[in-house]
Amino acid sequence: MNTILKVDDINVYYGAIHAIKGVSFEVNEGEVVTLIGANGAGKSTILKTVAGLLSSRTGSVQFMGKDLGGIPAHKIVPMGLALVPEGRQIFLQMTVEENLQMGAFTRPASEYDESIADVYQRFPRLKERQSQIAGTLSGGEQQMLAMGRALMSKPSLLMLDEPSMGLAPILVEQIFDIVRELNQHGTTILLVEQNANMALSVAHRGYVLETGKIVATGTGAELLEDEAVKKAYLGG
Ligand code: ATP
């Protein structure tokens with residue numbers, strides 16, 4: 001199995017706050033891997049560290065065999081690693097299509113037509129709304145746009161930070177269906193979620209994070225059946 005991402009013993013601080021305490025995990029090619037945990041457990045901090053937006057005081061992050069230590073975020077995206085941040089952070093004043101164009105800025109112009117056709121095929125809703133101002137899209141559509149924009153960079157690893165946040169249950173299901181579909185078409189995904197039930201249902205493997213430490217790991221199915229996980233994260 002090809003390991004795409006290997007995070008080894010990272011420790012991340014915000015000033016004096018020790019947010020991530022010796023975390024190690026990996027993502028293999030073709031997998032959906034999820035990190036679940038309560039508010040403040042450190043899920044977003046881990047994704048930001050992998051993306052080069054925060055730095056780890058110790059340990060290493062290896063992506064496709066390369067050490068990412070000291071490489072700034074803007075140089076990590078063209079290496080094939082895309083982050084869809086929490087809260088989406090799309091460009092609200094721009095149209096749908098302009099947002100997608102921004103996602104392609106690391107790619108050769110010659111690929112653009114094919115990439116945008118792929119994204120519109122995956123998200124027909126975005127195609128219908130290509131000229132609409134992004135700020136007027138619904139929450140679910142904005143999440144689709146954020147994911148579509150990330151896919152424009154042709155990532156080898158797509159990292160999603162709480163894609164279900166703030167969405168009605170039906171839209172949450174749609175977003176997870178899309179995650180499953182993207183994976184079936186070959187995209188490797190690292191998914192951070194508070195919605196543990198949904199996340200473990202789509203994931204091949206998961207890690208449970210508690211106050212900056214990994215406390216359990218297993219296949220999605222194993223974690224869904226784990227008594228401690230059920231009690232803490234699955235409402236029963
Ligand atoms: P949530 O689901 O609420 O986003 P999370 O698991 O993603 O939670 P993080 O956002 O990674 O958690 O936060 C981990 C810890 O680090 C929390 O205790 C948080 O208060 C702290 N933290 C996060 N960002 C900062 C910051 N910029 N400055 C100081 N502390 C921070």
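Both counts, for ligands and for their atoms, begin at 1 and track the order of listing. Predicted model only: the values in this text are computed from it and were never measured.
Scanning A41, S44, G40, G212 for the heavy atom closest to atom 18 (O) of ligand 1 points to G40.
Ligand-side atoms of ligand 1 in range of N39: 1 (P), 2 (O), 3 (O), 8 (O), range being under 4.0 angstrom from any heavy atom. For ligand 1 and T45, the ligand atoms under 4.0 Å from any heavy atom of the residue are 9 (P), 11 (O), 13 (O), 14 (C). Within the listing of ligand 1, atoms 6 (O) sit less than 4.0 angstrom from a heavy atom of A38. Counting atoms of ligand 1 from 1 in the listed order, those under 4.0 Å from a heavy atom of E86 are 4 (O). Per-residue contacts place Q194 under 4.0 angstrom from the following atoms of ligand 1 (heavy atoms of the residue considered): 2 (O).
Judged by distance alone, with hydrogens and angles left aside, the side-chain atoms of N11 form no donor-acceptor pair with the main-chain N or O of T58 at under 3.5 Å.
No more than 12 heavy atoms of other residues, nucleotides or ligands lie within 6.0 Å of NZ in K127, so this atom counts as exposed by the packing criterion.
At a heavy-atom distance under 4.0 Å, only side-chain atoms of A19, from C-beta outward, approach ligand 1.
Other residues sharing the hydrophobic cluster of M94, ordered by chain and number and joined by side-chain separations under 4.5 Å: F91, M102.
Q142 and S138 form no side-chain donor-acceptor contact under 3.5 Å, judged by distance and modelled atom types alone. E86 and S44 share a donor-acceptor pair across their side chains, judged by distance under 3.5 Å alone.
Protein heavy atom closest to atom 31 (C) of ligand 1, with residue, atom name and distance, is Y14 CD1, 3.3 Å.
In this structure, atom 1 (P) of ligand 1 has protein heavy atoms in its sub-4.0 angstrom surroundings.
A cation-pi contact links R57 to Y13, judged by a cut-off of 6.0 Å to the six-membered ring centre and 45° from its axis.
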